[in-house]
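Below is one structure, written out as structure tokens; comments come after it.
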Amino acid sequence: MEKQMSFSDIEYAARRKKTKRDKFLKRMDDIIPWDELSEIVRENYYKGRRGRKPQNIERMIRMFLLRQWFGLSDSAIEDAAFDSYAMKEFLGVSFSAGEQVPDAATLYRFRKILMKNGLDKMILERVKEVLLKKGKTLRRGSMSEPMFVKAAKKK
């Protein structure tokens with residue numbers, strides 16, 4: 001996702017320390033095949049012929065994964081994305097460009113589409129496969145620390 005830098009982005013980039021959350025989300029952003037996951041969902045996603053314009057599929061998948069990794073509810077992940085610069089960056093939201101974090105109700109409807117079609121399991125399984133290829137697995141943590149652990153080697 002393309003993004004325009006704001007003054008707060010420039011200020012944030014100048015800080016000396018990256019948090020564990022920053023590092024974790026950057027790594028996940030780099031290794032997850034976003035286009036592939038988006039294609040998994042596209043056929044079943046809201047087409048937007050009536051009503052509200054649909055949210056970007058990749059952004060919704062990212063929000064779904066944040067919810068899974070940090071063990072938060074739909075409304076809690078919405079709030080966290082507003083509060084956490086690292087999560088906002090991971091979602092690719094630019095407040096300076098007038099974008100907003102998808103709301104909890106939108107995430108809920110997205111998750112219903114995923115679950116109804118078994119896509120939630122497909123997405124999580126694909127992420128797990130990608131991590132295993134890198135020799136990692138994911139342990140769900142608290143808000144501050146999901147973490148990578150070395151995967152057990154297959155015998």
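Counting begins at 1 with the first residue of the sequence.
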For this session: On the 0 to 90° scale, with breaks at 30° and 60°, tag the F95-F82 ring pair as parallel, tilted or perpendicular.
Result: parallel

Exercise. Looking at side-chain heavy atoms only, is the closest gap between L114 and M122 below 4.5 Å?
Worked result: no

Exercise. Should K26 and E89 count as side-chain neighbours, where that means a heavy-atom distance under 4.5 Å?
Worked result: no

For this session: Please report the shortest heavy-atom distance between E99 and S94, naming the atom on each side.
Result: OE1-N, 2.8 Å

Exercise. By ring pair (Phe, Tyr, Trp, His ring centres under 6.0 Å), which residues pair with Y108, not counting sequence neighbours?
Worked result: none

Exercise. With sequence neighbours left out, which residue pairs that include part of residues 100-110 fulfil the salt bridge (charged side-chain N to carboxylate O under 4.0 Å, His left out) condition?
Worked result: R52-D103

For this session: Kindly write out the residues that satisfy ring pair (Phe, Tyr, Trp, His ring centres under 6.0 Å) with F64, not counting sequence neighbours, or none if the list is empty.
Result: none

Exercise. Between atom CG of L107 and atom CZ of R59, what is the distance when rounded to the nearest 0.5 Å?
Worked result: 13.0 Å

Exercise. Which pair of non-hydrogen atoms, one from A81 and one from V101, has the smallest distance, and what is that distance?
Worked result: CB-CG1, 3.7 Å

Exercise. Can you tell me how far CD1 of I77 sits from CG of L66, rounded to the nearest 0.5 angstrom?
Worked result: 5.0 Å

Exercise. Which residue, W69, Y85, F24, forms the ring pair (Phe, Tyr, Trp, His ring centres under 6.0 Å) with F90?
Worked result: W69

For this session: Please examine the side chains of V93 and M87, heavy atoms only from C-beta on, and report whether any two atoms are closer than 4.5 Å.
Result: no

Problem set entry | Closest approach of E78 to A104 (non-hydrogen atoms, all atoms of both residues) | OE1-N, 2.9 Å

Exercise. Any side-chain heavy atom of L131 sitting closer than 4.5 Å to one from M28?
Worked result: yes

Exercise. Are any of the side-chain heavy atoms of I32 and R62 separated by less than 4.5 Å?
Worked result: no

Exercise. Does any N or O in the side chain of D22 come within less than 3.5 Å of the main-chain N or O of T19, such that one atom is a donor and the other an acceptor?
Worked result: yes

For this session: Verify, without hydrogens or angle tests, whether Q55 (side chain) and M60 (backbone) share a donor-acceptor contact under 3.5 angstrom.
Result: no

For this session: Under the side chain to side chain contact (heavy atoms under 4.5 Å, CB included) rule, collect the residues that match up with S73, sequence neighbours excluded.
Result: S75, A76

Exercise. Which heavy atom in I61 sits nearest to a heavy atom in V41, and how many Å separate them?
Worked result: CD1-CG2, 3.9 Å

For this session: Output the distance between atom CG (L25) and atom OG (S84), rounded to the nearest 0.5 Å.
Result: 7.0 Å

Exercise. What side-chain hydrogen bond (donor to acceptor under 3.5 Å, both in side chains) pairs are there with at least one residue in residues 112-122, not counting sequence neighbours?
Worked result: none

For this session: For the pair K88 and D83, find out whether any cationic side-chain nitrogen is under 4.0 Å from an anionic carboxylate oxygen.
Result: no

Exercise. With sequence neighbours left out, what residues match E36 under side chain to side chain contact (heavy atoms under 4.5 Å, CB included)?
Worked result: P33, R126

For this session: Would you confirm whether T106, through its side chain, and P102, through its main-chain N or O, come within 3.5 Å as a donor-acceptor pair?
Result: no

